[in-house]
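A quick write-up on the structure given underneath.
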Amino acid sequence: MTDFFDLSDDTPTTPIQQPTTPPPAQQPIPFLDDLNPEQRQAVEHTEGPLLVLSGAGTGKTRVLTTRIAYLLATGKARPWQILAVTFTNKASREMKERLEKMAGLAARSVWLGTFHAIGIRILTRWAADAGLKPNFIVLNSDDQERVLKQLMTQNGVDIKKYDPGVMLDIIQRWKDRGLAPTDITPAENTPWCDGRAQGFYQLYQNRLHELNAVDFGDLLLLPLLLFKNRPDILDLYQNQFRYILVDEYQDTNVAQYLLLRLLAKKHHNLCCVGDDDQSIYSWRGAEVENILKFQDVYPDACVIRLERNYRSTAHILGAAAALIAHNTGRLGKTLKAAKSDAADGERVALNAYANGFYEAQKVIEKIEVEHTRGTPLSQMAVLVRASVQTRPFEDELIRAGIPYKIIGGFKFYEREEIRDAVAYLRLILNQNDDLAFARVVNKPRRGIGDSAMAALSATAREHKISLFEAVTWAELRPSVRKTLNAFTAQVKAWHDLTETIDPAPLVQQVLEESGYLPMWRTDKSPEAEGRIENLKELSNVLKEFETISAFIEYAALVTDADATATDDQVVVMTLHAAKGLEFDIVFLPGWEEGLFPHQKALDEVGEAGLEEERRLAYVGLTRARQKAFISFAENRRVYGQYQNALPSRFIAELPAEHIADHSTLNNHCRFGADDIAPLMWHSSQSRTGSDSSASDTGWGRGSDTFWQKNDPTDRPVFDYQRKSDPFYHHPIRTQDSPYRHTPRRNDDAPSSTRTYPPQLTPKQTYNPTRRIGKRVFHDTFGFGTVVREEGHRLEVHFDTYGLKKVLAEYLTEA
DNA sequence: GGGTTGCCCGTTTTT
DNA sequence: CGGGCAACCC
């Protein structure tokens, strides 16, 4: 079920193996006929470096899978001689499924997976040579930061002054570039934290080594170092991988680039597919240069452009193309509409709203309208710049009773209880997993506090043993010793159980016997019930695994983005999360200066930051098949304060012929006919007038912004409240304003105010005094249990829809 | 060793 | 405004 494990299945365990049987005879390749000429060329041009510049919606996954199938069918390669890397588990799963349809079982032997999964595979095979013991663990970001924080504190760094998170970031950026601690030149090192970052990088790596742990960056860096130190091993892989395919090449970092270059050195058959216009992860170490310089690195490279877009209407493509044309340094590529009905589409709608709440309300109304017109909810998405923006949309969706899903925010595997449970499992598997030990030894409370832990770690460090082993040797108070002895005995007993019991029942038993589940049962806090539910869910997930170690390696690599949405629900997510997805209708709210483009991107990375923001806008627009709605709010609550805002400069970059502009008249904002703001609140007026001096810069506390601290002349292009602006002092319309219309509601929708779900009117208000734990019924979500209440809103765990926040009046007692 | 309060800070986050 | 965390108190 995970890519990693699929990957390890039925493939040769060593890379040396060569085909013993002759390649299959050539056979007709029918799937080639489904391709357009460029796609076909990208499939058939098998030899030598190939760069496929694949715009949004031009069928790159199809090209990749067909290319693999073609290599197999023509006998150019045996399955394990093909390496295909993706960025997400989701992408590799999808590719694997599609490939299996074309190539059958052979698909399973292709080395297909994420960069990190391939990295694990290589490191597992050559653990000793890479300086690891078998069963090394993969740290999550949480663990990483804790390790670093500990090291910094131990070495006398004031972590209030120097954030371990920043240190971690610096180290990760080095790793992203394939640099080991010893590779950091003085020039490379940062003056931050008195130039001690390099030293901490070394200390951090040492500590990971002691823990027999690697972090995500190591999954790329360590294979790289392995290949550097062991040309013989590199040689094996270079021989093995006759064809290498890379998805989303614009998002590769330097380490990945180096790995690919090394691996492709012998056969030169490196096929990279990507779109420089969709590079949106530079802040994580992705290097657009990789794609921009491909032809310099591989002078004999063939470049194929896929520009026929099968997804969007001509208007959407026109708007997106004009927007992205404002970027410099592109490889250049123009999407052409290829859908037969592309020319019939509607223009991209542009709307202005009085404030963020009203914007959310209107967007949700439009969703209802479109739904009644026949667009499934799952084919509509709200794409926002920052995850905080999801909140008002969630509120409105709840109010409207529309099933929805928010992607981002809390991730299942990042929740406290899940991490605790996973830590228990880790400890059971490997008693020397100090991080797991420290995490659970006092959960539930066993009276093991800081002093006991300090004694343990001192002993552990002194004798170079694990915390678990240190229990035997450390000097401890008798009561603590007794507790710890009992604990370690228990862990050993659980360990022995792994032989006989399946993972799912085992985790149940462990969580029960350890007192972990009982701890939550007696916990009277509102979240407790949800946590118990999550732990149940964990045990469900575990049923899919045969061994605990299989699960743990999986859990280290998955994220929530892998969850597949099958239900008919509207999805609300960040633009970043939307990359690679498509929807019939896309809503793009919050196009305001400071928010999008985000002020921080402008302040910290200047022009390059602006261009990346613009690419993000491009990604957003090109997600839409039929319709896109862009909007901005004149006024938005930020950090509890109401702020006036200017429309995003990106709006000005949209070509009029593709836009249905409901927002402007003579360049002044006004409200479109169906977008009259009801007077929701007035507080914005308190922000206008004399207190809106030039130093009042909009988002965040003005005095905190980078440019102000450093150079008052280096200001953003826009002030937020210039007097010359149409938004400055923009009056909130009053009831008797000449512009005021009676707000229409869904004129073209059936007369009922709300058309979805069919009957929303509550039978009776559900409002007993003590609500937590009560079984309730909701018209849309069905039966559920109240988990938490926050005022009028209740958090309910629905049997089929999971955790949702709903208003009490939509619930009836079950 | 554990609970509470008050302060700080707020972009994005495929693995 | 609201979540997370550190200092503080019991």
Side-chain angles (χ1 to χ4, degrees), chain A residues 2-4 85-93 113-120 138-141 144 149 159-160 163 165 169 172 175-176 214-220 247-248 250-253 255-256 278 280-286 383-392 407-411 413-414 416 442 444-453 480 525 553-562 573-581 590 594-605 609 612-613 615-616 619-620 637-642 683 699-701 704-705 790:
Chain A
T2 82
D3 305 294
F4 175 62
V85 278
T86 63
F87 271 81
T88 64
N89 291 312
K90 199 173 166 184
S92 76
R93 191 185 314 128
T114 63
F115 270 103
H116 295 83
I118 302 282
I120 288 202
V138 181
L139 300 190
N140 56 37
S141 55
Q144 294 177 54
K149 190 170 153 188
I159 59 163
K160 264 199 278 193
D163 181 358
D169 220 53
Q172 297 203 118
K175 288 190 176 184
D176 287 340
V214 298
D215 64 18
F216 281 123
D218 288 339
L219 295 179
L220 306 172
D247 192 15
E248 306 278 19
Q250 77 282 355
D251 288 332
T252 47
N253 60 33
Q256 288 159 334
Q278 292 189 66
I280 55 175
Y281 282 107
S282 72
W283 50 276
R284 272 177 50 157
L383 308 182
V384 298
R385 175 62 181 86
S387 53
V388 277
Q389 287 171 264
T390 59
R391 191 58 189 268
I407 294 183
F410 273 100
K411 302 199 182 332
Y413 288 95
E414 283 172 19
E416 184 187 348
N442 204 31
R445 305 253 137 78
R446 297 188 178 94
I448 313 297
D450 289 347
S451 50
M453 282 308 287
V480 171
S525 75
E553 288 177 75
Y554 166 77
L557 292 184
V558 282
T559 58
D560 253 17
D562 300 325
M573 62 182 147
T574 62
L575 287 159
H576 284 91
K579 201 177 74 168
L581 306 179
L595 183 59
F596 191 39
H598 202 281
Q599 191 59 50
K600 223 157 188 163
L602 302 179
D603 288 347
E604 286 169 12
V605 248
E612 182 147 322
E613 295 286 298
R615 290 193 290 270
L616 207 42
V619 167
R637 194 173 74 183
V638 184
Y639 306 143
Q641 284 203 321
Y642 292 97
S683 22
W699 316 108
R701 282 171 267 336
D704 283 348
T705 60
E790 28 177 79

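When reading the values below, keep in mind they use all heavy atoms of this one structure, side chains included, and skip hydrogens, waters and symmetry mates. Everything quoted here is computed from the prediction, not taken from an experiment.
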Subject >> hbond_proxy R385(A) side chain to dT11(B) base (donor-acceptor, 3.5 Å cutoff) >> reply: yes
Original post:
Within less than 4.0 Å of OP1 or OP2 of dG1(B), is there a side-chain N or O belonging to S451(A)?
Top reply: yes
Any protein N or O atoms within reach of nucleotides 6-10 of chain C? Criterion: under 3.5 Å, listing atom names and distances.
residue, atom, partner, partner atom, Å
dA7(C), OP1, K160(A), NZ, 3.0

**OP:** Between dT15(B), dT14(B), dG1(B), spot the one nearest the side chain of H116(A), thanks.
**Re:** dT15(B)
Original post:
Looking across every strand, which nucleic acid part, if any, lies under 4.0 Å from I448(A) by heavy atom: base, sugar-phosphate, or nothing?
Top reply: sugar-phosphate
Subject >> F87(A) vs T252(A) side-chain heavy atoms within contact, under 4.5 Å >> reply: yes
Original post:
What do the steps show when you test V214(A) against L139(A) for side-chain contact (heavy atoms from CB on, under 4.5 Å), and what is the final call?
Top reply: CA-CA 6 Å; V214(A) 298; L139(A) 300 190; over 6 Å; no
**OP:** To the nearest 0.5 angstrom, please state how far the NE2 atom of H576(A) sits from the CZ atom of R284(A).
**Re:** 9.0 Å
Original post:
Rounded to whole angstroms, how far apart are NZ on K579(A) and P on dT15(B)?
Top reply: 12 Å
Original post:
Planes under 30° and centres closer than 5.5 Å, is that true for W283(A) with the base of dT12(B)?
Top reply: yes
Original post:
Does OP1 or OP2 of dT15(B) have a side-chain N or O of N89(A) closer than 4.0 Å?
Top reply: yes
Original post:
Can H576(A) be said to stack with the base of dT12(B), given centres closer than 5.5 angstrom and planes under 30 degrees apart?
Top reply: no
**OP:** Let me know the distance between CG of N442(A) and C1' of dG2(B), rounded to the nearest Å.
**Re:** 10 Å
Subject >> N/O donor-acceptor pair under 3.5 Å between Q389(A) side chain and A386(A) backbone >> reply: yes
Original post:
Picking from dT15(B), dT12(B), dT11(B), which would you name as closest to the side chain of S387(A)?
Top reply: dT12(B)
Original post:
When the distance from CZ of R284(A) to P of dT14(B) is rounded to whole Å, what number comes out?
Top reply: 6 Å
**OP:** May I have the distance from D176(A) (atom CG) to dT13(B) (atom C1'), rounded to whole angstrom?
**Re:** 12 Å
Original post:
Looking for any heavy atom pair under 4.0 Å, which part of the strands does G447(A) touch: base, sugar-phosphate only, or nothing?
Top reply: sugar-phosphate
Subject >> Selected nucleotide, minimal atom distance to R445(A) side chain, candidates dT11(B), dG1(B), dT13(B) >> reply: dG1(B)
**OP:** Select base, sugar-phosphate, or nothing to describe what F115(A) touches, counting heavy atoms under 4.0 Å on all strands.
**Re:** nothing
Subject >> SB check D215(A) K175(A) (cutoff 4.0 Å) >> reply: yes
**OP:** Please determine, for the side chain of Y639(A), which listed nucleotide (dT13(B), dT11(B), dT15(B)) has the closest atom?
**Re:** dT11(B)
**OP:** Can you tell me the distance, in whole Å, between the CG atom of D163(A) and the C1' atom of dC9(B)?
**Re:** 12 Å
Original post:
Counting distance only, does the side-chain N/O of D251(A) pair as donor-acceptor with the main-chain N or O of A286(A) below 3.5 Å?
Top reply: no
**OP:** Could you check F216(A) against K600(A) and say which one's nearest nucleotide on DNA chain B is further toward the 5' end?
**Re:** K600(A)
Original post:
On a whole-Å scale, what distance lies between the P atoms belonging to dG4(C) and dT13(B)?
Top reply: 16 Å
Original post:
To the nearest angstrom, how far is Q389(A) atom CD from dG10(B) atom P?
Top reply: 17 Å
**OP:** For the residue pair L575(A) and F596(A), establish whether any side-chain heavy-atom pair is separated by less than 4.5 Å.
**Re:** yes
**OP:** Would you kindly give the CZ-to-P distance between F87(A) and dT12(B), to the nearest whole Å?
**Re:** 21 Å
Subject >> Separation of dT14(B) P from L581(A) CG (nearest whole Å) >> reply: 12 Å
Subject >> L581(A) vs M573(A) side-chain heavy atoms within contact, under 4.5 Å >> reply: yes
